[in-house]
There are 2 protein chains.
Amino acid sequence: MTVEQDFFNQYRLMYRPFINQVNVQLEKYQLYSSQWAVLRLLNDKGRHSFVEIANYMSIEKPSVTRFVHKLVELGYVETVAGRDKREKLVQLTAYGEELVLEIKAHLKPLFEQALAGVSKQEIEIATQVLAKICANINR
Amino acid sequence: MTVEQDFFNQYRLMYRPFINQVNVQLEKYQLYSSQWAVLRLLNDKGRHSFVEIANYMSIEKPSVTRFVHKLVELGYVETVAGRDKREKLVQLTAYGEELVLEIKAHLKPLFEQALAGVSKQEIEIATQVLAKICANINR
DNA sequence: TAAATTAGTTAGCCTAGGTAACTATATACC
DNA sequence: GGTATATAGTTACCTAGGCTAACTAATTTA
């Protein structure tokens, strides 16, 4: 078995337990991990149109419509007029912004426990590897 | 944003494009990436019971039943009697074994392209980080 | 100004997971 | 030994979270 295959095997193996743990932590906010990913994007990089969110997350527009409508219902985000009459921008509400901070703090222990015994340097290398793969794949 | 959160964000971001690419490559074998993961397990580590497969993949037994029945239909695996009358072991057929080799070769270029510009050493570190997380989470 | 493109929506489908409840077998406990 | 509990796999049905196709409205291009 090659190092490459090994890596992707391990990558895959981690997915379900990780997502399950995150979902357990997010339950009290009525969120799933994919909805949380949208909130994080809006918090870290400001408002985005539906198409921008779709591209960022590598999903299709109808899926974004559903996520966003759910998040609007929960009062975490709102849509505002975009650059022209077609476009709508999604942004966090004041409540949503508070919540993101709270959730980040709430998730922190999980992330730290998951990465226990791994040095900062190793985490950074692993992060760079993942980023590089994204760039290679989406090219 | 902490290095931990950054890492998990990047991890998540890679998932969909990666799985989609793998699925495209597996289409000609009528497989999805999760079914392929089962075949790989059987090839790399020999025959497993349904429960063992469920534990390894962090999924529930009914999901395994479905996977395996699909793979039996395709003629890639077969079930044999286990250690007692309840247990059934799943193993590759001769055809399945050939196929695993073929698929591994078929996927190799994709993995190499995805990891282009990443050193063996970095890949190994990233793999260890992922394995460590699995161990930490499942504890 | 007609044709093509783009943003978002709607409807309906599929995968890949889940839970609950079941059968058959095996083990543990009085 | 017989009853209670546990375990392996199955069945039926539910859900999250994707997808495509076809649509409307607005915009850009030819």
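Numbers restart at 1 for each chain; the letters A, B, ... are given by sequence-line order, proteins then strands.
Residues from residues 12-31 of chain A with heavy atoms under 4.0 angstrom of DNA chain C, sorted by number: A/Arg16.
Under 4.0 Å is where a charged nitrogen must lie from a carboxylate oxygen, and between A/Glu52 and A/Arg83 at least one such pair does.
Residue A/Met57 is the one, among A/Met57 and A/Arg83, whose nearest nucleotide of DNA chain D lies closer to the 5' end (criterion: closest heavy atom).
Partners of B/Ser119 according to the side chain to side chain donor-acceptor pair (under 3.5 Å) rule, which considers only residues two or more places apart in sequence or in another chain, are B/Glu122. B/Lys120 meets the side-chain contact (heavy atoms from CB on, under 4.5 Å) test with A/Val3, A/Glu4; sequence neighbours excluded. With sequence neighbours excluded, no residue forms a side chain to side chain donor-acceptor pair (under 3.5 Å) with B/Gln21.
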In the 5'-to-3' direction, what one-character label does each nucleotide of nucleotides 4-11 of chain C receive under the scheme B = base within less than 4.0 Å of a protein heavy atom, S = sugar-phosphate only, - = no such atom?
-> --BBBBB-
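A side chain to side chain donor-acceptor pair (under 3.5 Å) check over residues 63-74 of chain B, counting only residues at least two apart or in different chains, returns nothing. Pairs passing the side chain to side chain donor-acceptor pair (under 3.5 Å) check and including a residue from residues 23-37 of chain B, sequence neighbours excluded, read A/Arg12-B/Ser33, B/Gln25-B/His106, B/Tyr29-B/Glu102. Listed by first then second residue, pairs satisfying ring-ring contact (aromatic ring centres under 6.0 Å, His included) with a partner in residues 111-139 of chain A read A/Phe111-B/Phe8, not counting sequence neighbours. For residues 90-101 of chain A, the set of pairs meeting the side chain to side chain donor-acceptor pair (under 3.5 Å) definition, not counting sequence neighbours, comprises A/Arg47-A/Gln91, A/Glu78-A/Gln91.
At least one donor-acceptor pair closer than 3.5 Å links the side chain of B/Tyr11 to the backbone N or O of A/Tyr11.
Through direct or indirect side-chain contacts shorter than 4.5 Å among Ile, Leu, Val, Met, Phe, Trp and Tyr, B/Leu89 is connected to B/Val80.
As judged by a 4.0 angstrom heavy-atom cut-off over every strand, A/Ser34 is placed among residues touching the sugar-phosphate backbone only.
Read 5' to 3', the first and last nucleotides of DNA chain D with an atom closer than 4.0 Å to a heavy atom of chain B are D/dT7 to D/dG18.
Among B/Leu42, B/Asp44, B/Leu39, the one residue that satisfies the side-chain contact (heavy atoms from CB on, under 4.5 Å) test with B/Val100 is B/Leu39.
Following chains of ILVMFWY side-chain contacts shorter than 4.5 Å, one can reach A/Tyr15 starting from A/Leu107, so the two form part of one hydrophobic cluster.
B/Glu60 places its CD atom 5 Å from the P atom of C/dG18, with the value rounded to the nearest Å.
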Verdict with reasoning, B/Gln128 to A/Gln10, per side-chain contact (heavy atoms from CB on, under 4.5 Å) | CA-CA 9 Å; B/Gln128 282 161 24; A/Gln10 203 58 60; over 6 Å; no
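When the local axes at the two ends of the helix from C/dT1-D/dA30 to C/dC30-D/dG1 are compared, using 5 base pairs at each end, they differ in direction by 20° after rounding to 10°.
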